[in-house]
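To start, the structure itself, in structure tokens.
Numbering of residues begins at 1 and proceeds along the displayed sequence. Just the heavy atoms: all of them, side chains too, but no hydrogens, waters or symmetry mates, feed the values below. Order of appearance sets the numbers: ligands from 1, and atoms from 1 within every ligand.
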Amino acid sequence: MIDLHTHSLFSDGVLVPSELVRRAVMKGYTTIAITDHADASNLDFTIPRVAAACKELNRRWKITALPGIELTHIPPETFAELTQKARSLGAMIVVAHGETLVEPVHPGTNRAAIEARVDILAHPGLISREEAALAAKHGVHLEITARKGHSLSNGYVAKIAGETGARLVIDTDTHEPGDLIDDEFAQQILLGAGLSRESIAAVLNNSRELAARASALMNR
Ligand SMILES: [Zn+2]
Ligand SMILES: [Zn+2]
């Protein structure tokens with residue numbers, strides 16, 4: 001299992017990074033990104049601390065823990081600047097909290113995140129075809145999510161990604177230990193989103209490639 005979107009108690013998750021990663025090891029994960037909610041107030045607080053924990057855990061345990069961030073409910077106009085800032089502070093994965101059906105995310109967030117070239121546009125809700133095509137062009141991954149509520153549009157996201165060539169990944173958006181899933185359940189969620197076996201293999205490969213790229217960047 002590769003999961004590039006999870007939360008620790010540096011935002012609204014319940015576990016310190018070490019316990020989150022320990023539980024991921026026990027679940028059979030090979031890679032986990034810790035992507036706590038952030039805006040202009042806490043990027044510089046969160047990223048270096050999570051990165052320090054990841055560095056320690058990577059030296060000792062058989063898993064790759066990637067420090068990341070989820071830019072959440074920020075004004076769309078600030079995406080480019082905060083994405084760049086997050087990367088310069090050491091975020092190896094930048095997730096954008098997209099226009100989910102279940103929260104009043106500012107309209108224009110999906111587009112701004114894609115234009116800022118975040119790594120993953122999480123739970124993009126009813127993303128437009130044009131935006132999905134732009135995501136494909138910019139190499140921004142659209143997310144299929146295991147998270148309740150956000151997952152309401154999984155089937156739509158899978159369909160529009162197929163039509164536009166946008167790359168998909170699957171993440172859990174874990175906040176609590178029970179949110180972590182295994183490979184088998186991930187495949188069931190992808191089947192449930194209407195994807196074929198062949199498309200599912202491609203999704204899992206997208207996660208692998210993105211994780212490998214982030215990991216290489218971290219070890220540079
Ligand atoms: Zn989110
Ligand atoms: Zn999240």
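- Side-chain contact annotation: His73 with His106, donor-acceptor N/O pair under 3.5 Å absent.
- At least one N/O/S atom of His7, from backbone or side chain, sits under 2.8 Å from the Zn ion (ligand 2).
- A donor-acceptor pair under 3.5 Å links the side-chain atoms of Ser196 to the main chain of Ser199, judged by distance alone.
- Between Ile93 and Ile120, the closest heavy-atom pair is CG2-CD1, 4.3 Å.
- Looking at Glu70, its N, O or S atom nearest to the Zn ion (ligand 1) turns out to be OE2.
- Using modelled atom types, one side-chain atom of Thr72 and one backbone atom of Glu70 make a donor-acceptor pair closer than 3.5 Å.
- With hydrogens and angles left out, the side-chain atoms of Glu81 and Thr78 include no donor and acceptor closer than 3.5 Å.
- Distances from the Zn ion (ligand 1) to each N, O or S atom of His97 single out ND1 as the nearest.
- When distances to the Zn ion (ligand 1) are checked against a cut-off of 2.8 Å, His123 contributes an N, O or S atom below that limit.
- Within Asp173, the N, O or S atom at minimum distance from the Zn ion (ligand 2) carries the name OD1.
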